[in-house]
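Before any comments, here is the structure.
Being a predicted model, the structure only gives us computed values, none of them experimental. In this chain, residues are counted from 1 in sequence order. Read the numbers this way: they start at 1 and go in the same order the structure lists the ligands and their atoms.
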Amino acid sequence: MFQRARAVALYDGTARDLVHRLKYGDRLDLGRAMARMMTSAGAELIAEADLLVPVPLHAFRLWRRRFNQAALLARSVARMSGIPCDTRSLVRVKRTRPQVGLTRAQRAENLQGAFRVPAAAKPRLAGRRVLLIDDVTTTGATGNAASRALLRGGARQVDLLTFATVSAGTD
Ligand SMILES: O=P(O)(O)OC[C@H]1O[C@@H](O)[C@H](O)[C@@H]1O
């Protein structure tokens with residue numbers, strides 16, 4: 001579904017530690033440095049993108065965590081690159097279980113029908129090249145489900161930029 005994927009680092013050691021501190025340790029201050037690395041690692045994709053779209057959280061998860069780490073990273077990448085960040089064109093309509101601890105098949109199933117492009121956002125997406133932003137990609141299930149919704153919503157192309165990836169070479 002997504003065309004190309006880039007990440008700063010393998011999800012291991014320091015990279016894993018940074019993600020955990022940002023996401024579960026409320027270390028929002030780390031987001032800027034992480035976004036700087038993403039801006040550099042994703043330069044090729046950013047150069048071709050019209051819009052940056054963060055992977056959204058469901059409203060309940062957002063309320064619980066109080067921030068969306070993907071949106072935080074996307075806003076910083078937008079400031080650094082000059083590509084606009086659009087947080088309203090993709091919504092998470094299904095309250096999915098956390099992907100952590102699920103098998104590849106369960107992850108894909110968990111995300112089925114999870115994302116939607118609101119009708120009002122379709123004109124903003126029509127024919128645009130979207131760069132989807134998230135903190136981590138593991139199996140690509142989240143990236144694929146979000147990309148499918150964006151393409152159905154009218155986007156021309158979707159690439160994926162994350163801070164970390166569990167496996168290299170997801171092109
Ligand atoms: O869907 P896959 O790529 O397997 O897992 C990555 C997702 O699982 C979450 O923890 C991450 O924040 C990301 O949204």
Side-chain angles (χ1 to χ4, degrees), residues 1-35 37-38 41-42 45 51-78 85-117 130-153 155 158-171:
M1 280 293 143
F2 56 83
Q3 202 157 317
R4 297 169 295 174
R6 295 288 180 276
V8 172
L10 283 175
Y11 189 50
D12 222 345
T14 309
R16 189 189 177 103
D17 194 44
L18 281 169
V19 169
H20 277 222
R21 284 186 202 198
L22 169 72
K23 203 162 161 178
Y24 309 117
D26 274 356
R27 287 287 310 274
L28 305 195
D29 55 303
L30 294 174
R32 208 174 131 78
M34 292 165 76
M37 290 185 259
M38 289 170 74
L45 304 188
L51 279 181
L52 306 181
V53 173
V55 169
L57 293 181
H58 185 269
F60 180 74
R61 179 85 46 83
L62 183 61
W63 172 74
R64 276 243 304 250
R65 192 175 292 154
R66 302 188 313 281
F67 68 97
N68 174 1
Q69 72 282 357
L72 186 98
L73 293 169
R75 284 197 192 96
S76 275
V77 173
C85 171
D86 181 348
T87 56
R88 291 177 305 145
S89 290
L90 184 66
V91 290
R92 199 161 185 142
V93 288
K94 200 170 124 189
R95 208 177 132 195
T96 51
R97 296 159 62 190
Q99 292 284 75
V100 177
L102 301 186
T103 65
R104 174 173 286 268
Q106 286 169 331
R107 281 173 181 248
E109 197 190 322
N110 191 29
L111 269 302
Q112 262 187 26
F115 299 102
R116 202 168 59 81
V117 169
V130 172
L131 182 56
L132 189 63
I133 307 277
D134 205 357
D135 55 347
V136 183
T137 184
T138 303
T139 60
T142 303
N144 275 325
S147 299
R148 189 174 298 118
L150 287 164
L151 291 167
R152 278 199 189 135
V158 184
D159 292 321
L160 175 66
L161 176 62
T162 60
F163 178 72
T165 180
V166 166
S167 66
T170 38
D171 256 356

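Every protein residue with a heavy atom nearer than 4.0 Å to ligand 1 is included here: K23, Q69, Q99, R107, D134, D135, V136, T137, T138, T139, G140, A141, T142.
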(message) For a side-chain contact (heavy atoms from CB on, under 4.5 Å) check, start with the C-alpha distance between N68 and T87, then their side-chain angles and the critical distance, and finish with the verdict.
(response) CA-CA 10 Å; N68 174 1; T87 56; over 6 Å; no

(request) Check step by step if side-chain contact (heavy atoms from CB on, under 4.5 Å) holds for T162 and D135. (result) CA-CA 5 Å; T162 60; D135 55 347; over 6 Å; no

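Applying the side-chain contact (heavy atoms from CB on, under 4.5 Å) criterion to V91, with sequence neighbours excluded, gives V93, R116, P118. In this view, A9 and A15 satisfy the side-chain contact (heavy atoms from CB on, under 4.5 Å) rule, not counting sequence neighbours. A search for salt bridge (charged side-chain N to carboxylate O under 4.0 Å, His left out) contacts involving D17 returns R21, not counting sequence neighbours.
Between F60 and W63, the angle of the ring planes lies from 30° to 60°, which puts this pair in the tilted group.
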